[in-house]
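First comes the structure, then the notes that go with it.
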Amino acid sequence: LPHIRLRDLGLWYTEPVEVSVAAFDAESGVEKVRYTLDGSEPTTENGFTYLMPFVRVSTTVLRFRAYDKAGNVEPVVTQQIKIDLDAPQAPELLETPTDPTSQASSRFVFSHPEADVTFSCAVDGAEYDRCTSPKEYRLPNGRHTFAVKATDLAGNDSAAQTHAWTIEALPPDPADV
């Protein structure tokens, strides 16, 4: 009976994937491997005969089976190849501090139309850290910049959405000193 090995395709790819299939039959030898790219069942009449590696640039449901020279047919094997070449759009800022503000506490509310993205935030050029909305900071007087970006399941990062503002806190009341 023929046996097929498929190169491990992992979870997500952010670049085109070369697909190669290897079939082995120690007894009569492999006659052919048939495959489909649309999720349908490969048969002698449906699909393609595998001849060489091929490249995929979008998510594909690959189904394949091997036929040996003795007439044996391997059961269909299915492999989803998940490819996402596109970065998500930048998050939308729904709430930001006014510019200028006298408030040291700054609150940002943001969202994204794709439900499965994660967010990373940074303030004043620091490293991005994973964050959720809303995100709050307590910052000193001065000019500040907030940035948020989205990351999709494939690991693609969006462009950053930014907001700049100045905190001009009022000096303490002399009666309180």
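Just the heavy atoms: all of them, side chains too, but no hydrogens, waters or symmetry mates, feed the values below.
Side-chain contact check for S106 and W165: at least one donor-acceptor pair (N or O, by modelled atom type) lies under 3.5 Å. Under 3.5 Å, the side chains of R34 and T49 contain a donor-acceptor pair of N or O atoms. Judged by distance alone, the side chains of R63 and T78 do bring a donor and an acceptor atom under 3.5 Å apart.
We find the CD-CG distance between E15 and D84 to be 12.5 Å, quoted to the nearest 0.5 Å. The structure places CD of Q103 at 8.5 Å from CZ of R138, a figure rounded to the nearest 0.5 Å. Within the model, atoms CG of L62 and CD of Q79 stand 7.5 Å from one another, a figure rounded to the nearest 0.5 Å. To the nearest 0.5 Å, atom CG of residue D157 and atom CG of residue D152 are 8.0 Å apart. One finds the CG atom of L37 at 11.5 Å from the CZ atom of F64 (value rounded to the nearest 0.5 Å). Expressed to the nearest 0.5 Å, how far NZ of K82 lies from CD of Q80 amounts to 5.5 Å.
Proximity of a side-chain donor or acceptor of D68 to a complementary backbone N or O of S28 within less than 3.5 Å is not detected. Put simply, the side chain of H112 gets close to the backbone of Q89: a donor and an acceptor are under 3.5 Å apart. S158 places a side-chain N or O within 3.5 Å of a backbone atom of A150 that can act as its donor or acceptor partner. The backbone N or O of L94 sits nowhere less than 3.5 Å from a side-chain atom of T96 that would complete a donor-acceptor pair. A donor-acceptor contact shorter than 3.5 Å links the side chain of Q161 to the backbone of P91.
Between S133 and S111, the closest side-chain pair of non-hydrogen atoms is not below 4.5 Å. Using a 4.5 Å heavy-atom threshold, the side chains of V61 and D38 count as separate. Annotation: side chain of L85 is in contact with side chain of I83 (closest heavy-atom distance under 4.5 Å). Between N156 and T151, every side-chain heavy-atom pair lies at or beyond the 4.5 Å cut-off. Under the 4.5 Å side-chain criterion, counting only non-hydrogen atoms from C-beta, Y35 is in contact with F54. Using a 4.5 Å heavy-atom cutoff, the side chains of F108 and P97 are in contact. Side-chain contact check for D124 versus Y137: every heavy-atom pair is 4.5 Å or farther apart. At least one side-chain heavy atom of C121 sits under 4.5 Å from a side-chain heavy atom of F110.
Tracing side-chain contacts under 4.5 Å through hydrophobic residues (I, L, V, M, F, W, Y), one reaches V17 starting from F48; they form part of the same cluster. Residues W12 and V117 do not share a hydrophobic cluster, defined by chaining ILVMFWY side chains whose heavy atoms lie under 4.5 Å apart. With hydrophobic clusters built from ILVMFWY side chains whose heavy atoms lie under 4.5 angstrom apart, V76 does not share a cluster with V33. Using a 4.5 Å cut-off between side-chain heavy atoms of Ile, Leu, Val, Met, Phe, Trp and Tyr, with links allowed through other members, Y13 and V21 fall into the same hydrophobic cluster. Follow the hydrophobic side-chain contacts under 4.5 Å out from V148 and you never reach V109; the two are in separate clusters.
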*Should S40 and N46 be marked as a side-chain hydrogen bond (donor to acceptor under 3.5 Å, both in side chains) after you check the CA-CA gap, both sets of side-chain angles, and the distance that decides it?*
CA-CA 8 Å; S40 64; N46 183 44; 3.0 Å; yes
_Using the rule given for side chain to side chain contact (heavy atoms under 4.5 Å, CB included), can you reason through H144 versus I167, listing the C-alpha separation, both sets of side-chain angles and the distance that settles it, and then say yes or no?_
CA-CA 8 Å; H144 300 285; I167 297 174; 3.7 Å; yes
*asked:* Show, in sequence, the C-alpha distance, side-chain angles and deciding distance for T145 and V123, and conclude whether the side chain to side chain contact (heavy atoms under 4.5 Å, CB included) test is met.
replied: CA-CA 6 Å; T145 302; V123 69; over 6 Å; no
_For R107 and E95: C-alpha separation, side-chain torsions, deciding distance, then whether side chain to side chain contact (heavy atoms under 4.5 Å, CB included) applies._
CA-CA 7 Å; R107 175 182 160 99; E95 182 183 316; 2.9 Å; yes
*Go through V19 and I81 one step at a time and tell me if the side chain to side chain contact (heavy atoms under 4.5 Å, CB included) criterion holds.*
CA-CA 9 Å; V19 177; I81 306 165; 3.5 Å; yes
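Note on D129 versus K135: no salt bridge recorded, every NZ/NE/NH1/NH2 to OD/OE distance being 4.0 Å or above. Look at R65 and E74 and you find no salt bridge, because none of the NZ, NE, NH1 or NH2 atoms lies under 4.0 Å from a carboxylate O.
In this structure, Y128 has its ring center no closer than 6.0 Å to that of F119.
Nearest approach of A147 to T162, heavy atoms of both residues: CB-CG2, 3.8 Å. For V73 against Y67, the heavy-atom pair with the smallest separation is CG2-CD2, 3.4 Å.
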